**Q** 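Next up is a structure, given as structure tokens.
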Amino acid sequence: MNFVEELRWRGMIHDMMPGTEEQLSKEHTAAYVGIDPTADSLHIGHLVSIMMLKHFQIAGHKPIALIGGATGMIGDPSGKSEERNLLDEPTLRHNQECIKVQLQKFLDFNLESNSAEIVNNYDWMKEFSFLSFLRDVGKHLTVNYMMAKDSVKKRLDGGNGLSFTEFTYQLVQGYDFLHLNQAKNCKLQMGGSDQWGNITTGTELIRRKTGGEAFALTCPLITKADGGKFGKTESGNIWLDPEKTSPYQFYQFWLNCSDVDAEKYIKIFTLLDKETVEKLVAEQAEAAHLRPLQKALAKDITIRVHGENEYNQSLEASEILFGKGTTETLHKLNEATLLSVFEGVPQFEVSIAEVEAGISMPDFLAEKTTIFSSKGEARRMLKENGVAINKEKVGEDATINKSNLLNNKYILVQKGKKNYYLVIVK
RNA sequence: GGGGAGGUACCAGAGCGGUCAAAUGGGGCAGACUGUAAAUCUGUUGGCGCAGCCUUCGGAGGUUCGAAUCCUCCUCUCCCCA
């Protein structure tokens, strides 16, 4: 199965320039995707294009990850995007290094023929003078062409205006492609479907300026069945960095996907082959409550990103918290297990003296700890039967005292079904 | 530079002198149902010592018994014309 066929059955192709498939079967090709270096970690939103690179490399081609140090400073008008902050160079470099480490979990940087590579467009844009840019790049494309782009048209019609900077964005990104085309013989750019306009500006620029050939391939934007934004939770992005999103939370994110989404995601975010996926889908249809799809998806991607150990711990933690876990089993857990289960769960400290004296529920939840942001909110939730201590629902009038301690120093608080907090009593 | 419109809770958006802690929708959170799903239904969504009080409607003053609502100045945003 070639690269394009592979992506096709996985539902990862939204649009493709004619001739792309031929180019790839003709010779080994280099392709790139752009990544915004706005943080020192990737989040799962980045994963789609990284998986495209991964498949690309598996197919024997050369993947390039372009860190958008320069473009990130400008702000892509495609979709609504807020004004970006200028990153200073040390931050940029730091982010680039961190991202590289994470990319190594997906791409192979030590191959003889088609090693992955990382480049940063800041490196070639920073010395580029405005005049040279106008002469060497701006001259080759007409404003008419640029205005015909959907992303530009939308903003022009929207009544909100479009700054010159944003308008120019496509030229800068287009120049990246031209640069890589000349420097590294890169002939393909991939990205999300929202990037189509920007990518084609690049291919157009290459054609007009050098007469060379270049291609574009985009994947559909990842959506959720309920229309929500993919990869976001109440607490923000799902990061690959375990400091930002614990392996347990990471694992839970995938495990919690709806059935519809899981089937889509497993094709995109894992390398499981068609046969395996089809088997899992069949199993899901038969015994949906066992959620074979979600489990396989969560397992595969958690191991890839965090490793086998972390996966096993997350699995164990999930079983204790959601499975047969009761107050008794919690009391029976030894300290080491307890701590490893709750690694990555928000923690609070309360003094032993206060616990011995007894603390009222609203005080405990909103004052001694910040599990709730106000006592009113805590009370509300208590009334709604939404708070449990050590897996046992409690009411508004309950108090915290010594009998609630697990291993003499821990209290497990549960807000709703899925949010856990560990209070350490000292 | 001239003219116009407008800044209300997480967002969108009503309210235009008292009955406004502020309609409605979306989003969030929780409960029921379930499979840690989806859909649905219900509750809730400023703070507190919670039948009461305190702080909110861009900012600062003012009018009034009483202001999100009226007046003055400031400020920010957007649109149109030059």
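By convention in this document, chain letters (A, B, ...) are assigned in the order of the sequence lines, proteins followed by strands, and residues within each chain are numbered from 1. In this text, all values refer to a predicted model and were calculated from it rather than measured experimentally.
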**Q** Within the pair A:Arg380 and B:C48, is there a side-chain N or O less than 4.0 Å away from OP1 or OP2?
**A** no

**Q** Looking at B:A30, I'd like to know if its phosphate oxygens (OP1 or OP2) sit under 4.0 Å from a side-chain N or O belonging to A:Asn419.
**A** yes

**Q** Send over the distance from A:Phe253 CZ to B:A37 C1', rounded to a whole Å.
**A** 14 Å

**Q** Classify the nucleic acid contact of A:Gly416 as base, sugar-phosphate or nothing, counting any heavy atom under 4.0 Å across all strands shown.
**A** sugar-phosphate

**Q** Please report, rounded to the nearest Å, how far the P atom of B:C29 is from the CD atom of A:Glu384.
**A** 13 Å

**Q** Mind checking A:Gln294 for me? I need base, sugar-phosphate or nothing, with any heavy atom below 4.0 Å counting as a touch.
**A** base

**Q** In whole Å, what separates the C1' atom of B:C50 from that of B:G6?
**A** 37 Å

**Q** For a quick test of reading the model: is some side-chain N or O of A:Lys295 closer than 4.0 Å to OP1 or OP2 of B:U36?
**A** no

**Q** Is the centre of the A:Phe250 ring less than 6.0 Å from the centre of the A:Trp239 ring?
**A** no

**Q** Within the pair A:Lys393 and B:A30, is there a side-chain N or O less than 4.0 Å away from OP1 or OP2?
**A** no

**Q** Say you pick atom C1' in B:U55 and the same atom in B:A22; how far apart are they, in whole Å?
**A** 14 Å

**Q** What orientation do A:His179 and A:Tyr175 show, parallel under 30°, tilted 30 to 60°, or perpendicular over 60°?
**A** tilted

